[in-house]
Amino acid sequence: MFTEKQLLKAKIPGPETGIEIRRSYCDLCASQSPCGVDCYVKDGVIIKMEGAADDPAGRGRLCTKGAGNRQFLYRADRVKTPLRRVGERGEGKFEPISWDDALSEVSEKLLKIKKESGPEAVAFFAGYTKWFRPIYQRFTHSFGCQNYGTESSCCFTSGLMAWKIATGAPSGGSMNGAGCYLAWPYNNYYSKYNTTEGARKFRERGGKIIVIDARRTQAVEKLADLFIQPRLGTDGALALALANILIQRGAIDRDYIEKYVYGFEEYAEYCRGFNESNLERLTGVPWALAEKAAEMIAENLPVFVNQSASPMVHHINGMQNYRAMMALSAITGSFDRKGGNCPAEFTFGHQSAGFSTMAHEFIEEKRPDSKPPIGAERFPLWGYLEREMQSMDLPRQILEGTPYPVRAIFALGMNMRMFPNVQNVIKALEKVDFFVDTDLFLTDTAKYADIVLPCCSSFERHDFKTYGGGLAWCPRPAVEPLGEARSDLDILFELAERMDLDDELLRGGWDNCMRYITRNLSISWEEIKAAERPIKIPDFRPYVEREYSEKGMKTPTGKFELKSKLIEDHPEWGLDALPTYRPPLNNVDPGLYPFTLCTGARIPNAIHSRLHDVPWERSLRPHPLADISLEDAEELGVKRGDMIEVFTKDGCVSLGARPTSRVKKGEVFIYHGDREADASLLLDKDHLDPYSGFPGFRSTRCGVRKAAK
Ligand SMILES: Nc1nc2c(c(=O)[nH]1)N[C@H]1C(S)=C(S)[C@@H](COP(=O)(O)OP(=O)(O)OC[C@H]3O[C@@H](n4cnc5c(=O)[nH]c(N)nc54)[C@H](O)[C@@H]3O)O[C@H]1N2
Ligand SMILES: Nc1nc2c(c(=O)[nH]1)N[C@H]1C(S)=C(S)[C@@H](COP(=O)(O)OP(=O)(O)OC[C@H]3O[C@@H](n4cnc5c(=O)[nH]c(N)nc54)[C@H](O)[C@@H]3O)O[C@H]1N2
Ligand SMILES: [Mo]
């Protein structure tokens with residue numbers, strides 16, 4: 001028998017120790033369908049966390065980031081009360097205030113600005129965090145404007161827009177049933193660890209994997225049957241060349257194209273321009289390798305194309321490159337069949353779970369007839385398709401006041417380094433009349449706020465989650481919120497009440513909203529809420545092959561549009577209807593800036609601006625590093641760990657060099673959330689994709705030199 005002391009030391013749950021296991025989830029990255037976590041709770045404190053074995057997403061595992069959750073949650077510098085700024089913006093001097101004072105001040109100031117300058121003078125922004133989004137968007141609408149915008153202005157949406165214009169729907173599907181997985185690009189060992197098992201099993205079953213990545217990554221070593229390494233941001237030219245080879249060799253699905261594809265002839269003609277004579281010059285990829293890839297695709301249909309949320313679209317030509325890649329799905333007849341990319345519908349937020357909810361109606365019901373959202377004029381395709389703020393244009397609009405002035409920002413978790421050119425974002429934060437930020441920590445961004453509201457982590461709140469295969473779950477708090485922290489939604493509901501918004505649902509709180517959102521289901525909100533674990537929703541409808549194609553796609557022509565009718569019909573937008581290719585780099589002197597900079601390729605131990613201050617995570621990479629090629633390191637005379645400077649026309653950062661054979665000569669890779677070597681300082685505020693508004697985070701001309709001692 002063990003003594004109580006031994007049991008406690010081993011953290012064994014039970015009546016002897018008073019340790020209880022409560023199920024919660026990690027909200028660090030996959031916040032749509034996150035990894036379940038078993039929290040070992042003693043006296044209201046989480047003393048241990050483990051991946052929950054029966055969880056549909058994590059299946060018992062936690063990644064490098066997830067393993068640091070307890071240190072993240074209990075960081076000593078959690079903000080525990082609302083704060084009011086008493087020093088200069090950015091200085092970091094605040095005084096604690098009561099919730100009552102904080103929320104009165106927020107509602108009074110926002111209502112005053114609304115009265116003086118109209119509801120559009122307030123921008124409602126959210127950073128990475130996604131769990132509250134449908135409710136937050138409705139909140140913005142009920143306030144009277146459409147200036148709801150998020151981190152999705154530079155993540156995922158550009159690809160989503162590409163699918164929407166081609167097929168009228170978001171894309172789902174999986175490699176189950178595929179012959180070939182086009183991992184373009186894919187390094188989930190770092191970015192989405194819980195999905196790598198699926199790729200490994202796919203390959204074991206005989207599936208072929210082609211990894212197309214600007215670096216030789218872990219995924220290349222573990223999974224690739226074929227590896228192609230194009231230069232950064234040149235993927236569009238490669239995709240068009242692959243299409244050209246497939247078309248020339250007749251390795252396409254004529255029948256599918258005839259029935260379901262629009263614009264094929266013009267597209268095929270355009271693809272002819274990407275051939276043996278220019279491919280290597282445009283992309284760095286030898287023609288023979290492209291031929292090999294095309295053969296592998298043709299011999300292993302259907303092909304499933306990876307839906308990368310960022311690397312493909314973090315370029316000023318990103319959306320067009322993405323369209324060129326997706327086109328391969330259509331011309332090979334892989335679209336809308338098992339093992340290919342399939343049309344899907346969002347269930348809640350951006351998660352497709354195979355059943356529908358009323359989330360869309362919930363948001364749209366209160367959409368006001370207000371001025372167009374920020375960025376809609378500058379990025380008309382975004383404005384047309386997304387109908388929310390293109391947040392990349394927020395700093396500009398604040399500073400220039402056109403097409404209308406913006407005087408206040410209300411933010412849930414804003415990180416100014418998320419945007420290109422943080423210098424410019426700071427100018428905007430200094431200019432606004434009122435800035436509220438809600439966060440767990442007093443971040444460098446929150447230091448510019450007038451009021452900081454303390455919010456809680458996933459372990460301290462209720463939530464609603466859905467998972468592919470028709471599952472839904474309503475996690476409950478594992479512990480009470482730290483200090484006076486509140487959940488973001490509780491803050492919004494209380495503000496709705498205080499601002500007297502004309503919205504019964506919001507003023508009725510969480511259950512009221514969720515009852516509305518789930519009211520079309522044949523299971524009640526109360527039943528979903530009562531379940532301890534994710535449960536199957538009876539309304540789940542399995543995917544039916546080719547049903548969507550046969551019914552007619554939700555595009556102007558009813559077909560998969562290789563040539564966009566929508567863009568064709570709007571010549572005033574100045575955009576191309578075909579997935580045309582143009583080079584990614586900015587127009588500065590290549591003599592001064594001979595390298596190409598990629599900021600943001602994921603590292604295992606950080607997520608954007610988060611986890612850098614979590615000791616376990618930080619210990620894995622104590623100082624910011626730049627990956628450069630062995631050849632460049634030699635030419636620059638730098639060894640591993642030597643300090644180098646990476647500079648652009650906008651700024652300069654110093655960081656350690658990490659010479660590696662993974663990287664191509666002439667390219668430099670740095671991470672983007674470090675405050676000591678802030679990638680955002682290096683980026684041009686106007687280096688943006690005219691189709692989507694997405695920044696060219698991953699292809700900017702730069703210089704590199706050895707730092708003076
Ligand atoms: N240069 C460069 N920039 C990039 C990228 C890149 O690759 N390169 N990637 C882009 C992409 S893809 C993304 S998704 C964005 C990331 O978007 P960011 O918004 O930069 O993401 P984070 O830094 O993870 O989180 C922002 C803040 O949210 C706070 N937070 C965490 N949980 C909560 C919560 O529950 N409520 C509230 N209110 N706050 C919370 C965190 O403490 C943090 O301060 O960055 C983009 N920016
Ligand atoms: N650990 C960790 N995990 C994360 C995040 C994090 O910050 N940290 N962020 C989350 C978020 S918000 C997102 S959006 C996802 C992104 O997840 P992923 O899509 O996996 O994105 P990355 O790791 O940035 O890029 C994948 C690969 O793209 C390559 N690459 C970069 N630019 C190009 C290019 O122009 N062409 C080609 N062919 N390859 C290129 C990089 O070398 C890299 O190996 O990760 C999520 N998961
Ligand atoms: Mo992202």
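Values reported hereafter were calculated over all heavy atoms of this structure, with side chains retained and with hydrogens, waters and symmetry mates removed. Numbering of ligands and ligand atoms starts at 1, following listing order. All residue numbers in this chain count up from 1 along the given sequence.
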| said: Less than 4.0 Å is my threshold; does some heavy atom of M312 fall inside it relative to ligand 2? | reply: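 M312 does not count as a contact of ligand 2 under the 4.0 Å cut-off.
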Protein heavy atom at shortest distance from [atom]:
{"atom": "atom 35 (O) of ligand 1", "result": "R461 NH1, 3.0 Å"}
{"atom": "atom 7 (O) of ligand 2", "result": "Y671 OH, 2.6 Å"}
{"atom": "atom 16 (C) of ligand 2", "result": "S310 OG, 3.5 Å"}
{"atom": "atom 45 (O) of ligand 1", "result": "M418 CG, 3.3 Å"}
{"atom": "atom 43 (C) of ligand 1", "result": "D439 OD2, 3.5 Å"}
{"atom": "atom 21 (O) of ligand 1", "result": "Y128 CB, 3.2 Å"}

| request: State plainly whether the residues E221 and R662 are in salt-bridge range, i.e. N to O under 4.0 Å. | output: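 Yes, charged N to carboxylate O under 4.0 Å.
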When only distance counts, is [X] in polar contact with ligand 2, meaning an N/O pair under 3.5 Å?
{"X": "R231", "value": "no"}
{"X": "I603", "value": "yes"}
{"X": "N605", "value": "no"}
{"X": "K65", "value": "yes"}
{"X": "A214", "value": "yes"}
{"X": "C598", "value": "no"}

| request: Cation-pi check, K130 to Y128: give yes when NZ or CZ is under 6.0 Å from the six-membered ring centre and within 45° of the ring axis, no otherwise. | output: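 Geometry flag: set, cation within 6.0 Å and 45°.
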| request: Find out whether the Lys NZ or Arg CZ of R215 is both under 6.0 angstrom from the six-membered ring centre of F669 and within 45° of the ring's axis. | output: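 Satisfied, under 6.0 Å and within 45°.
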| task | Between P311, S308, G600, flag the one that comes closest to atom 31 (C) of ligand 2 by a heavy atom. | result |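 Result: the heavy atom closest to atom 31 (C) of ligand 2 is in P311.
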| field | Any N or O of R698 closer than 3.5 Å to N or O of ligand 1 | value |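 Yes, there is a polar N/O contact under 3.5 Å.
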| query | Just distances here: any N/O of R602 and N/O of ligand 1 closer than 3.5 Å? | reply |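 Min N/O separation from ligand 1 is below 3.5 Å for R602.
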| query | Do F274 and L282 have side chains that get closer than 4.5 Å, going by heavy atoms? | reply |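 Side chain of F274 against side chain of L282, heavy atoms only: contact under 4.5 Å found.
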| message | Do I212 and P230 have side chains that approach each other closer than 4.5 Å (heavy atoms only, starting at C-beta)? | response |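 Touching, per the 4.5 Å side-chain cut-off.
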| field | Nearest-0.5 Å distance that lies between atom CG in L492 and atom CG in D490 | value |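 Going from CG on L492 over to CG on D490, the span is 9.0 Å.
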